[in-house]
Structure formats: structure tokens, C-alpha cells
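For the numbers below, each heavy atom of this structure counts, side chains included, while hydrogens, waters and symmetry mates do not.
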Amino acid sequence: MSFLARLRTRLSVAAPVFTLAGTLGLASLVYYGDDGRAALTGFAEGAPEAVATLEASRVASISVAVGAEVEPGQLVVTLDTAAVDGEIAIAKAEQVRIEADVRAERSVLGRRLDLDRDALELEARREREDLLRVKAESQALDGELERVKKLVAEHQLVAADLTPLRLRRAELASLATEKPRTLGVLTRQLGAAARRRSEVDDVSSPTSAKLDADLLVVRRRIELLERRRAGHFLRATSRGRVVALDKQPGETAAAGEAIVRLVSPTNRVVVCVPERRALGLREGDAARLWVHGERGAPLEGRTVVLGPIVAELPARCWPTPRLPMWGREITVAIDTPMALVAGESFDVVLDGTTAPPRPASDKGGPVAAPASPVGVPVAKKANVASASAEPSLMAVPPSLARRTRFEPSGVVVRRDENRYLVVSDDTGIKGGPDDGRPCLFAMNGAGAIDPSPIAVTGVDVVDDLEAIAAGSRGELYVLASQSYSKHDRRKPARTALLRLSPRGGGFHVDGEVHLAEELELAPERAAALGLAGGTRSLDVEGMAFHGGALYLGLKAPLDARGEAMIWKVSAPDALFEPASRGAAKLASAGLAAWGHARVDVEVDGRAVPGGISELMFEESGALVLTSTPSAGDRAAGALWRVEGARGGALAVDLVRRFPGRKPEGLAPSLTPGKLMVVFDAGDETPSFLETSWPP
């Protein structure tokens, strides 16, 4: 046999063997990878969220489509509010009726007490006249007795003629003794009547509290209905993507029934482990992950959940589509913060070693970060301030703490005086003679508070001052919150907007307006400003002066989109003109809605709707904002910046969050290139932060 024939015979025998070996080698290369790792299949985990209603309602509109990305707090579904609106209208009508009944009852009671007091005054006047008459008659009778005694002594009259005179004299003496006592009783009754009359108009008296009880009940009912109405605007609680619309506008959703379904990304990957490799796995084992099909540097992770049973794995994990595979599902958390696409495929290697401890700042669950390409860690925004800059405690002198409360809620810089001026929520000692007395506080660049407050004259009491702004003519503006107190009261001291001018070593009030009262007189303008339900929920904490106008930042209410609102007063001087009231005053001042922005804060790792706690304009026209929770009194805040703010929908950039702190004051720093932020800490020592600026 020739050589070629023998070679052909041998190749025909060996070719299948070589083919099988090559196939197995290629399969091994695919399975184990080019670096020898034993790759497992994993899929990015998604956190499902069902947007559902708390009560049976008709779907009015859906603001998202399948595949759309949503942000925390974004409006997703609007339910029909007609029924609850009707209940609110009925409750408000009931409130109006009760308020009218209260006024009528007070008027009737006042008139009755006035009549009682008038009758007592008339009786007292009669008694005083009778006493004067008795005294005059007694004097005259004394003279007559002396004359009759002389006549008896001269035997011109008999002694019996003295008896009637003496009896009348004794009667007058008794009357002269009793009349003052009667007058004393009537005087005390008059005092009691005057007190009862004053109690009718005294909101803190027991009488008025009884009259207001029904009114308070209906107000609480309206508040509950308004909260229920707010529940008809369904929002996303976390960042995610819409995967299904279970209902359409016009359909009715039962309580708890899903209307829109979302899936939020996490930093976790679910890994399919075949049964033969499922033994020996431990929580905390190190893991390396590659996006399927990529061969770059691996992502580091650790196992955090081990499936409790061996079961049939998802079909995506089967090497052969028709051949089911059994094993355990484990969950791996990626150490590097990422925004994964739920369901994205990963190649995962578990090498059995223990992962190194995770830094404290990295511990946590799902990542709520801006979307980035899969497999690429999310980078910090360029304008996020360094976390190394932390607030410092202010130095509050003990002598100042003994004479007044100090809870900073606003700050302005005074460069020519090399200091800051700070306003406080409350002043004086609660219940003391200086409780609520208006004053300002001076602070130097190191956060030391001057031991002597700066006097403000022209008003006796202010309450809940929340903002201060410097005008263009040397004047200052200070603003109270306009809100109801914890005791459900809103005295004029809580609604003041004051204009201050320098006087001596302090300031004097040369303009005063009560904003909430003016809005109550102009319901149509209030509705145009976002207060369709009146001023009950109004809470203003931010104020800035820019370009001759005042800007007011609202902590509450938020608008229908869940965004904080900013008002503009184009002509502030017109607010302080006494000639006009209500709509005319607000129109001449140019009070109008200016802008709105979403400034949510984080509480316990979850997004909470935020309201504006302070605002400030830079010389460049950029707007700086701080925010705190719009509702409640939880300590959390954030710092934001808007480039070229021109009103309308404001594109805010997050600069920094302040977990556990309430930022309430902003001002350019005395130090060039920095920003001053002050924090209210309630009864604790307040703090401040100088941070590099612009960020």
C-alpha cells in the first residue's frame, strides 16, 4: 500500500477523535473562560414595585408609559378626586356654617353679658345715689334733732316729739352702714361680668375653647380629607422603569390593586449554582463578576443570600434549552455602586475565599443613583461637595443662653461689619417677660455668637421667624413662617413680614404686613399661587432679595407635581402701603408664582418630598436652595443649585445631602470663594458650615 493510502486511512480513523477533542476543548474554553475561571450564570436583580391605591378609585390619568424611567416621588397615576372633592366642599361648607354659628353665639353671649353688665352698673349707680341721699338726709336730720332738743329743753315741745326723729336717725344709720357693703358686692359682680365679657373674645379662655370645639373637629376632618385627596396622586417611591400598566384611564382599581408596575435597579445579582457545586457555599464569600460577553476588569462582590433549597433553576441558566438543571440560587451584592438593568446577564466566579470587610459608607441595599452604562460604576457628580467638610458647632455664650432661646433659621452677611446677622425661630425664655421679643443675633466668621442680641424696635412680639434678606438700600426683611403652631393657632405674630431700617445700634420696623391675612382676603389670587384650599397649609421658610424683588420659598404646600414652589414679589414696597388690602395690595406688589422644583430629601434611605427651607441668588444669577422635609419635623436636608434660574420648571443640581441635619440659612461667606450654611438643631447647640463655592 502506498504512503498516501496509508495516511488517508489513518486520518479517516483519527479525524473523529480530533474533532471530539477539539469540540470538548472549545466547550471548556467557553464554559471556563480564557482565564480558567469556572463561570456561573447570573442575572441582575430588580426590586418590583406596584403602584396601587389605598381605596377603590377610578383612574383619571397615567403619566408614564411602559419602558419609561421614573424618579423617586415622580407622579405616576392620578385618580379621580371628584368624590373626595365633594366631601371636602361639604366639610368646608360645614366649617363656614360653624364659624358663622360661633360668631353668632359669641355675639348673642356678648350682648347678654353686656346687658347683665349694664344692669349691674345701673344698680350700682342707684345704690351710690341712695347712699348719697342717706348721708344728706342724716346730716339734715342731725340738725333737726338738735333744734327739737333745744325746744324740749325750753319746754316748748315734749320729749315724745324726739322719738320719731330718733327712729328715723337709726334707720338712716343702718342704711349708711349697709349701702357700702351692697356697693362692694355690686363692684365685684361688675368685675366678674367684665371678665366674662372679655373671655368671649379671648381665644385661650375656657369659654372660647368650648365654642371652638366643633370648629376644631371640622378642621381636623378637612385635614384628613385633604390627606386622603393627596393619596389620589400616586408617586414612585424609588428610581425605576415601568414594566406594565395593569389599568388604563377610566378603569376602576380596587384597594391594593396594582395600576402600574415598576422595577427598580439594585446592586445585586442572582446566580444559578448547579447542584454539584452548591455544597460549601457561605455567606460573605468573595465573587468576581463580568458583564456577559465582556472581558474587562471584574467587578468585586460578595454572597449575601444563599438559597435554602435545591430546586429547578430558571430556564435561562440551562446549558441545553430542553434539559432542565437543578441547583441553588444565591445572591451576590456588588461592592461598587452601580445602576444595573434588571435581568442583565453576568458571568460570575466564586472562588471560596472570604470577601474583605466592606467600608461602612458602602453598606446598604439598593443603589439610587443616576443611570449609567451597565458594568460602569456610577461616578459622583462634579459639583458634589467633599464629604470631608462637616458642620461645626456654633459658640453660644452661656450668658446669652440664659436670657434667650437661639434656634438659627436664617442668615445674611454684613461684609462692611465683618459679621453675619442671624434670625431665630424663637426668642426670649418661654413664658418669660421677653418671650417673643424681636431681636437679631450677630455671628463672626468662626461661628461665635455675640453675647448681646441686637434690639429690634417698632413691634412688641414676633413668632417663628424663618428668613432674613438684605435689600438694596440698607434695609432688612424678616419673615415669619405664616404657619399654624403645634397648638393649632396662627396669631398675627406668626404671619408678619417686617421691613427693618438701621437705627442707633439696632433696627427699627418701618414696614409691617401680615401676608397670610392678605391672602385670606384674596382667595382667587391665593388659588393662583397654589393655595386652592386656602392658607391652612401655608409654611414659608425661604426668602431672598434679588434685582429689586423679593422671592419667597415655600416649605409647604407642594404643588400637584409634588414640587416646591417659589413666589416673586416684584414691588416689595407696595406690600407695606397701608392704603390697600387683600387683592389690591397683592396685585400692586406683583405677588405671583415664579418657579417650582423637586428638592426631595432622604430619610432612612428613602426619598421624602422636600420643601424649600432657604434660597439665595448668586451675582451670576444662579439660584442656591436648601430643602428639608415638607411635612413633619424630621432632621434631614439637602443643598441644591440652579444655573441661570429664570423661573418656571427649575433644573436643580444636587450639591450635597445633610443626613440628620436641618439646613435653614444661606449666605455668601465672609471668606471669599465659600458659602455659609447654618443649621437649626432645636434645643441642641446649632451648627454652621463653610463650604467651597461654586462647587
If I take atom [atom1] from residue [X] and atom [atom2] from residue [Y], how far apart are they, to the nearest 0.5 angstrom?
X: L615; Y: H546; atom1: CG; atom2: NE2; result: 11.0 Å
X: I429; Y: R403; atom1: CD1; atom2: CZ; result: 10.0 Å
X: T237; Y: R606; atom1: OG1; atom2: CZ; result: 4.5 Å
X: D425; Y: L465; atom1: CG; atom2: CG; result: 8.0 Å
X: I612; Y: W640; atom1: CD1; atom2: CH2; result: 11.0 Å
X: D435; Y: T404; atom1: CG; atom2: OG1; result: 9.0 Å

Would you call [X]-[Y] a salt bridge at under 4.0 Å N-O?
X: R220; Y: D488; result: yes
X: E684; Y: R661; result: no
X: R634; Y: D604; result: no

Test item: [X] side-chain N/O and [Y] main-chain N/O as donor-acceptor pair under 3.5 Å:
X: R598; Y: R561; answer: yes
X: R473; Y: G471; answer: no
X: S472; Y: G548; answer: no
X: H596; Y: E563; answer: no
X: D680; Y: S409; answer: no
X: N444; Y: G447; answer: yes
X: E517; Y: T495; answer: no
X: S613; Y: E541; answer: no

Look at atom [atom1] of [X] and say whether more than 12 heavy atoms of other residues, nucleotides or ligands are closer to it than 6.0 Å.
X: R414; atom1: CZ; result: yes
X: R415; atom1: CZ; result: yes
X: D416; atom1: CG; result: yes
X: E417; atom1: CD; result: yes
X: L393; atom1: CG; result: yes

>> Please evaluate residues L538 and L554 with respect to the criterion side-chain contact (heavy atoms from CB on, under 4.5 Å), reporting the C-alpha separation (whole Å), side-chain torsions for both, the decisive distance (0.1 Å), and the verdict.
In response: CA-CA 8 Å; L538 182 61; L554 274 64; 3.9 Å; yes
Can you find a heavy atom in the side chain of [X] that is under 4.5 Å from one in the side chain of [Y]?
X: L623; Y: I566; value: yes
X: L497; Y: F576; value: yes
X: L515; Y: L552; value: yes
X: L666; Y: V677; value: yes
X: R268; Y: V305; value: yes
X: L262; Y: V64; value: no
X: L400; Y: F441; value: yes
X: W693; Y: S669; value: no

Please give me the minimum heavy-atom distance between [X] and [Y], naming the atom from each residue.
X: Q482; Y: L479; value: NE2-CD1, 3.5 Å
X: A638; Y: D600; value: CB-O, 4.5 Å
X: D463; Y: A480; value: O-CB, 3.5 Å
X: S630; Y: K555; value: OG-O, 2.6 Å
X: R641; Y: A622; value: NH2-CB, 3.8 Å
X: V77; Y: V51; value: CG2-CG1, 4.4 Å

>> Applying side-chain contact (heavy atoms from CB on, under 4.5 Å) to I222 and R219, what does each step give before you reach the verdict?
In response: CA-CA 5 Å; I222 291 173; R219 283 176 176 169; 5.5 Å; no
>> Given the ring of Y484, does R536 sit roughly above its face, with NZ or CZ under 6.0 Å from the centre of the six-membered ring and within 45° of the axis?
In response: yes
>> For V260 and L234: C-alpha separation, side-chain torsions, deciding distance, then whether side-chain contact (heavy atoms from CB on, under 4.5 Å) applies.
In response: CA-CA 10 Å; V260 174; L234 307 182; over 6 Å; no
> In this structure, which one of F545, F617, W567 forms a ring-ring contact (aromatic ring centres under 6.0 Å, His included) with Y551?
Replying inline: F617
Verify the distance criterion only: is there a donor paired with an acceptor across the side chains of [X] and [Y] at less than 3.5 Å?
X: T331; Y: E45; answer: no
X: E466; Y: S481; answer: no
X: T535; Y: R490; answer: yes
X: S501; Y: H508; answer: no

>> What verdict does the salt bridge (charged side-chain N to carboxylate O under 4.0 Å, His left out) test give for K662 and D633, after you've listed the backbone C-alpha separation in whole Å, the side-chain angles of each residue and the deciding distance to 0.1 Å?
In response: CA-CA 9 Å; K662 295 191 292 183; D633 197 31; 3.1 Å; yes
> Does the pair I468 and L440 meet the rule for a side-chain contact (heavy atoms from CB on, under 4.5 Å), with working shown?
Replying inline: CA-CA 10 Å; I468 181 171; L440 304 178; 4.2 Å; yes
